[in-house]
Amino acid sequence: MVLRKAWGWLSAQVSQKDNYCCSCGGVLRTATEQWKKERPVLNRNSKLLVMCILFQFVHGLATNLARFLHIPQRPLYDLGFALIPKLEPPYEYLCDVVFCVCIVITMLVWISPFFVPKVSEHREN
């Protein structure tokens with residue numbers, strides 16, 4: 001009985017002719033509508049996009065050149081490793097846990113509605 005109701009609900013959702021339809025035509029229609037909305041923004045920022053792509057290309061070339069020309073030598077002295085001793089086995093993952101907790105808290109604050117400024121509906125031109 002429950003399975004029949006769920007199947008009826010699912011088939012009703014799929015048969016709707018909206019943007020969330022599971023058919024290929026619905027996805028294609030959504031993509032074309034989104035492209036029509038995004039194209040003016042892309043055209044406005046085309047110079048910036050070309051500069052970013054060019055910078056990424058030059059950065060990739062420089063990275064590969066640096067890797068090719070690198071000569072392994074004795075590592076430099078690191079004062080941080082000298083001042084802070086290595087943690088013992090029961091506590092060796094503590095640093096990773098603290099780092100991950102900081103990242104998660106940052107993301108939660110970032111998506112929290114309390115820290116998102118309200119956008120006024122009336123824009124001044």
Side-chain angles (χ1 to χ4, degrees):
M1 184 69 174
V2 173
L3 187 61
R4 234 183 255 165
K5 285 184 179 180
W7 181 257
W9 178 83
L10 183 63
S11 62
Q13 295 297 319
V14 170
S15 66
Q16 290 179 354
K17 302 292 184 192
D18 60 357
N19 290 340
Y20 301 106
C21 182
C22 295
S23 68
C24 187
V27 172
L28 187 62
R29 183 173 54 247
T30 304
T32 55
E33 289 175 3
Q34 193 66 28
W35 172 250
K36 288 176 185 176
K37 293 176 187 175
E38 296 289 335
R39 197 161 93 195
V41 176
L42 189 64
N43 288 340
R44 269 196 316 261
N45 297 323
S46 62
K47 291 179 184 177
L48 179 64
L49 183 64
V50 169
M51 288 300 295
C52 288
I53 291 171
L54 183 66
F55 176 79
Q56 188 65 32
F57 178 73
V58 171
H59 179 266
L61 286 177
T63 303
N64 288 329
L65 181 66
R67 183 177 173 89
F68 178 73
L69 295 176
H70 174 69
I71 300 170
Q73 294 178 352
R74 197 180 106 233
L76 296 173
Y77 180 73
D78 191 348
L79 185 62
F81 285 114
L83 293 176
I84 301 173
K86 185 177 178 184
L87 294 174
E88 296 299 320
Y91 304 108
E92 63 185 341
Y93 295 109
L94 183 65
C95 182
D96 295 335
V97 170
V98 169
F99 178 74
C100 290
V101 166
C102 289
I103 295 295
V104 168
I105 289 174
T106 302
M107 294 176 88
L108 289 175
V109 167
W110 181 47
I111 64 172
S112 171
F114 300 111
F115 293 97
V116 176
K118 290 186 179 181
V119 178
S120 176
E121 293 182 18
H122 304 288
R123 285 187 162 176
E124 295 181 19
N125 292 330

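Start at 1 with the first residue, then count along the sequence.
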Checking the side chain of Ser112 only, and the main-chain atoms of Leu108 only, is there a donor and an acceptor separated by less than 3.5 Å? no
Other than Leu69, what residues sit in its cluster of Ile, Leu, Val, Met, Phe, Trp and Tyr side chains whose heavy atoms are under 4.5 Å apart, directly or through others? Leu65, Phe68
Please name all residues satisfying side-chain contact (heavy atoms from CB on, under 4.5 Å) with Leu61, sequence neighbours left out, ordered by chain then number. Phe57
Would you say Val50 and Val41 are hydrophobically clustered, going by side-chain heavy atoms of ILVMFWY under 4.5 Å? no
Taking transitive links into account, so neighbours of neighbours count too, which hydrophobic residues share a cluster with Leu54 at under 4.5 Å side-chain distance? none
Transitive ILVMFWY cluster of Met107, excluding itself - 4.5 Å side-chain cut-off: Phe99, Ile103
In short, Ser46 meets Asn43 closest at the heavy-atom pair OG-O, 3.2 Å
Between CZ on residue Arg67 and NE2 on residue His70, distance to nearest 0.5 Å: 9.0 Å
A quick test of your reading: do over 12 heavy atoms of other residues, nucleotides or ligands sit less than 6.0 Å from CD1 of Ile84? no
Tracing side-chain contacts under 4.5 Å among Ile, Leu, Val, Met, Phe, Trp and Tyr outward from Leu42 reaches Trp35, Leu49, Ile53
Restricting to side chain to side chain donor-acceptor pair (under 3.5 Å), what partner residues turn up for Gln73, sequence neighbours left out? none
Kindly compute the distance separating OG1 (Thr63) from CD (Gln56), expressed to the nearest 0.5 Å. 8.5 Å
Spacing of NZ belonging to Lys86 relative to CD belonging to Glu88, to within rounding of 0.5 Å: 9.0 Å
Enclosure of Phe55 CZ (heavy-atom neighbours >12, cutoff 6.0 Å): no
